[in-house]
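In what follows, a structure is listed as structure tokens, so that the remarks can point back to it.
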Amino acid sequence: MFDKVLIANRGEIAMRVVRACREMGIKTVAVHSTADANAMHVRMADESVCIGPPAAKDSYLNIPALIAACEITHANAIHPGYGFLSENARFAEIVTAHNITFIGPTAEHIRIMGDKVEAKRTAKMLGIPVVPGSDGAVLESEALSIAAGIGYPVLIKAASGGGGRGMKVVTHEGELLSQLNLAKNEAKSAFGDDTVYMEKYLSTPRHIEVQVLCDMHGNALHLGERDCSLQRRHQKVLEEATSPALNQNQRSEIGTIVADAMRKLGYVGVGTVEFLYENGEFYFIEMNTRLQVEHPVTERITGVDLVYEQIRVASGEKLSLVQKDIQFNGHAIELRINAEDPQTFTPSPGTIKFYHPAGGVGVRVDSAVYAGYSIPPYYDSLIGKLIVYGRTREECLQRLRRAVDEFVVDGIKTTLPLFQRLIKEPDILAGNYDIHWLEKYLGMKH
Ligand code: ADP
């Protein structure tokens, strides 16, 4: 096992990793930009190193500074958290070349899953259901016949796209070629690559993702799903486990498919395979080769500490669990609390004057803020996650309403008032929503 882990991240996820390491008897090194000198993750870790000025490209994305920080502190592993360098294959390679363990999968697996066309091809080969569509890039000359084969509406997507950008829905063949050329031009200017591919457009899907956990000894297991359909501009806002749309058979069926696929791939670490789900069918969209923001809902209903397992498997140990140990008990919901105006979603950095996190039975808060802390304007606006558990979904929602009312963050604007309204909506209470629900709701109310 590692003596010392450097955490190449900030905020609540850096705290999450420090906590797991401390329980495991591993020393921790925090890194920070000059803007984060007073951040809680810096105070919590055993040691800290300043790695650069505020801009992320000069600090949290500064690979030479991170490697140097590891060398001067004698850390033997790097945990990348999520975001920043967590899915950067080149970073994983450089870390490994310096005889430091990258706590994550191999650079090769990161690279495959980072390329949308390659990821889809690999998923299909491994037996994971994918959205019907073109086999890779679509040329203008073959576009009409490919679209006819898929059936309208179709979706044109940029191979190098990301963040849900550069997609075009085409409802009939008269529009296809003009939309194809538009998509190519946009892809070229946004991503420097005009390669596009085509998929069947799903009109009212849910976003359901499967959590996997794998070691270097050929063991791969799944920890069920999370439903992350409540999104705004493709950003998740509220996540829950289990999904209100799946029963135990469906859960174990898709979970087994994904775990078997990961075993075949030789994947190591934690990972999430994301699907769109419509009319009882799963369609692969992408795989995230890292820990996710919403991992606590899975931890809450399975009792598994994902970061503990992630660190263990990275050090070469065997999984401490087998599939039948994974039981799904009760229900958990996570709310992402952002420092944003709850009406306009514009960022609201500033100083927190008073802070009172919710507590009590079934409540977990993962956050790195405190009263007196100034949220810097340079980074993501996520300031905390409220995760609530109940034996049933009803109990969970009831407790969630109580916890949201109790939560106080003064001095800045947060998305808490949005949640106060949201979790009383009949569709949310009924679990009746798809990936478009939240945007329609926000459009209606403003
Ligand atoms: P990106 O990498 O740009 O985020 P994804 O393939 O993950 O692209 O898709 C982003 C989002 O676009 C999905 O979460 C979903 O909301 C929507 N989307 C993607 N593919 C389809 C599809 N075939 N039909 C309908 N919506 C889709």
Side-chain angles (χ1 to χ4, degrees), residues 82-83 86-89 110-124 128-138 143 146-147 149-171 176 179-180 183-184 186-210 225-239 243 245 271-290 292-294 336 380 433-442:
Y82 53 65
S86 62
E87 289 178 295
N88 184 313
I110 298 174
R111 193 164 279 133
I112 291 171
M113 294 304 171
D115 173 327
K116 297 173 78 72
V117 171
E118 185 66 7
K120 192 172 172 187
R121 197 188 62 76
T122 305
K124 194 171 170 186
I128 295 176
V130 300
V131 193
S134 58
D135 264 331
V138 171
I146 292 175
I150 298 170
Y152 291 89
V154 296
L155 184 65
I156 302 170
K157 298 170 90 169
S160 307
R165 290 196 304 155
M167 297 190 285
K168 300 267 174 249
V169 183
V170 183
T171 50
L176 184 71
Q179 291 293 315
L180 184 84
K184 277 177 158 307
E186 284 185 18
K188 180 84 191 165
S189 61
F191 311 111
D193 169 13
D194 75 350
T195 312
V196 294
Y197 64 107
M198 215 188 284
E199 274 181 359
K200 177 154 193 61
Y201 176 71
L202 305 166
S203 56
T204 55
R206 297 181 81 108
H207 173 118
I208 296 183
E209 57 186 35
V210 175
E225 81 287 5
R226 295 182 284 263
D227 196 317
C228 313
S229 303
L230 286 174
Q231 302 185 0
R232 182 183 166 273
R233 298 205 173 147
H234 302 298
Q235 300 292 316
K236 297 165 187 168
V237 169
L238 175 156
E239 303 96 347
S243 167
T272 300
V273 178
E274 298 191 334
F275 295 95
L276 294 177
Y277 176 79
E278 189 171 81
N279 298 326
E281 302 286 337
F282 286 93
Y283 303 97
F284 171 86
I285 42 173
E286 66 174 340
M287 176 169 185
N288 292 316
T289 52
R290 54 166 168 86
Q292 283 191 287
V293 176
E294 60 273 22
R336 296 192 187 198
D380 192 272
Y433 55 83
D434 62 30
I435 60 168
H436 305 297
W437 189 95
L438 184 61
E439 289 192 345
K440 280 190 214 145
Y441 171 77
L442 294 170

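What you are looking at is a predicted structure, and each value in this text was computed from that prediction instead of being measured. Every heavy atom of this structure was used, including side-chain atoms; hydrogens, water molecules and symmetry mates were not. Whatever order the structure lists them in is the order used to number ligands and atoms, beginning at 1.
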- Message: Would you call the rings of Y201 and H436 parallel, tilted or perpendicular, taking 30° and 60° as the class edges?
- Response: tilted
- Scan Q231, Q292, R336, R226 and name whichever one has a side-chain hydrogen bond (donor to acceptor under 3.5 Å, both in side chains) with E239. R336
- Between K200 and ligand 1, find which residue part has any heavy-atom pair under 4.0 Å and reply side chain, backbone, both or neither. backbone
- For V131 and ligand 1, does the shortest N/O to N/O distance drop below 3.5 Å? no
- Per-atom contacts of ligand 1 with K157, taking only distances under 4.0 Å to non-hydrogen atoms: 6 (O), 19 (C), 20 (N)
- Query: Between E199 and ligand 1, does any nitrogen or oxygen pair lie at a separation below 3.5 Å?
  - Reply: yes
- Item | Passing candidate, side chain to side chain contact (heavy atoms under 4.5 Å, CB included) with F275, options I285, V210, V130 | V210
- Item | Region of I435 that comes within reach of ligand 1 [heavy atoms, distance under 4.0 Å] | side chain
- Below 4.0 Å from any atom of ligand 1, is there a heavy atom belonging to K116? yes
- Task: List in chain and number order the residues that pass side-chain contact (heavy atoms from CB on, under 4.5 Å) with T195, two or more places apart in sequence or in another chain; answer none if no residue qualifies.
- Result: A137, A159, D193
- Provide the number and element of each atom of ligand 1 under 4.0 Å from a heavy atom of E286. 7 (O)
- Is the CG atom of D135 crowded by more than 12 outside heavy atoms at less than 6.0 Å? no
- Select the closest option to atom 14 (O) of ligand 1 among V130, N288, I285, judged by heavy-atom distance. I285
- Task: Apply the test side chain to side chain donor-acceptor pair (under 3.5 Å) to residues T272 and E209: give CA-CA distance (whole Å), side-chain angles for both, the deciding distance (0.1 Å), then the verdict.
- Result: CA-CA 6 Å; T272 300; E209 57 186 35; 5.0 Å; no
- Query: So is there a nitrogen or oxygen of Y201 less than 3.5 Å from a nitrogen or oxygen in ligand 1?
  - Reply: no
- Task: Please work out which of the three classes, parallel, tilted or perpendicular, describes the rings of Y277 and F282, given edges at 30° and 60°.
- Result: tilted
